[in-house]
Amino acid sequence: MFRIAEVARTYFELRGQQTQLAVARRNVDNQTESLQLTQARLDAGRGTELDTSRAQAQLSATLSTIAPLEAAVARSIHRLGVLTPRSQCAW
């Protein structure tokens, strides 16, 4: 019974991590576009360095979350592989 509960818990953690990773990747796309827009406004004389710096900082912060989320997903997949009798899982 313990093993089934652990598999279920790990699976739900994995799905949550995969969702967080997908959201972070979408945020990177959106923030990249936002940075490009603020840079274009700055270049046209209608924006400020502060706006561009903020957009860059936000993008950098979001980018820094990607690798840890990818590692968490990989750990959960590995853990499920250890907990389940099948040698190959398509999580």
Side-chain angles (χ1 to χ4, degrees):
M1 183 69 164
F2 172 73
R3 189 177 204 97
I4 293 171
E6 194 170 352
V7 168
R9 182 185 57 77
T10 303
Y11 175 76
F12 286 112
E13 284 177 1
L14 169 63
R15 299 304 291 164
Q17 293 159 346
Q18 288 172 326
T19 299
Q20 288 178 321
L21 181 57
V23 168
R25 287 178 172 156
R26 281 194 307 270
N27 284 343
V28 165
D29 292 341
N30 292 336
Q31 291 167 1
T32 298
E33 185 176 335
S34 178
L35 175 59
Q36 291 169 347
L37 290 171
T38 57
Q39 185 62 52
R41 286 180 54 85
L42 179 64
D43 294 344
R46 299 184 57 87
T48 66
E49 282 285 338
L50 179 60
D51 291 337
T52 304
S53 295
R54 282 183 186 162
Q56 179 62 58
Q58 185 63 48
L59 175 58
S60 296
T62 302
L63 282 169
S64 72
T65 67
I66 300 289
L69 287 170
E70 289 173 336
V73 166
R75 279 191 307 272
S76 291
I77 290 171
H78 176 74
R79 183 164 181 77
L80 283 169
V82 169
L83 291 171
T84 56
R86 293 187 179 164
S87 60
Q88 294 183 0
C89 297
W91 306 107

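From a predicted model like this one, the values you see are computed outputs, not experimental measurements. Atoms considered below: every heavy atom in the structure, side chains included; atoms not considered: hydrogens, waters and symmetry mates.
- In this structure, CG in D51 is found 11.0 Å from CD in Q39, a value given to the nearest 0.5 Å.
- With hydrogens and angles disregarded, a donor-acceptor distance shorter than 3.5 Å links the side chain of R41 to the backbone of R46.
- Judged purely by atom type and a 3.5 angstrom limit, S64 uses its side chain to pair as donor or acceptor with the backbone of A61.
- The two residues L59 and V28 have their closest heavy-atom pair at CD1-O, 3.8 Å.
- Shown here is R54, whose CZ atom has no more than 12 heavy atoms of other residues, nucleotides or ligands within 6.0 Å.
- Across all non-hydrogen atoms, the minimal contact from T65 to A24 is OG1-CB, 3.9 Å.
- Using a 4.5 Å heavy-atom threshold, the side chains of R15 and Q18 count as touching.
- With rounding to the nearest 0.5 Å, the separation of CG in L63 from CZ in R25 is 11.5 Å.
- Q17 and A72 get closest at one heavy-atom pair: OE1-O, 3.2 Å.
- One distance of note links CZ of R26 with OG1 of T62; it measures 13.0 Å at 0.5 Å rounding.
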Candidate pair T32 and Q36, rule side chain to side chain donor-acceptor pair (under 3.5 Å), full reasoning: CA-CA 6 Å; T32 298; Q36 291 169 347; over 6 Å; no
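- No option in N27, L35, D29 other than N27 meets the side chain to side chain contact (heavy atoms under 4.5 Å, CB included) test with Q31.
- In this structure, OG on S34 lies 11.0 Å from CD on Q56, to the nearest 0.5 angstrom.
- For E70, the CD atom is densely surrounded, since the number of other residues' heavy atoms within 6.0 Å is greater than 12.
- With a 4.5 Å cut-off on side-chain heavy atoms, V23 and Q20 do not count as touching.
- Contact detail for T52 and T38: the closest heavy-atom pair is OG1-O, 3.5 Å.
- The only member of V82, L83, T84 that meets side chain to side chain contact (heavy atoms under 4.5 Å, CB included) when paired with T10 is L83.
- Side-chain heavy atoms closer than 4.5 Å link hydrophobic residues (I, L, V, M, F, W, Y) into clusters, and following such links, possibly through other members, connects L14 to I66.
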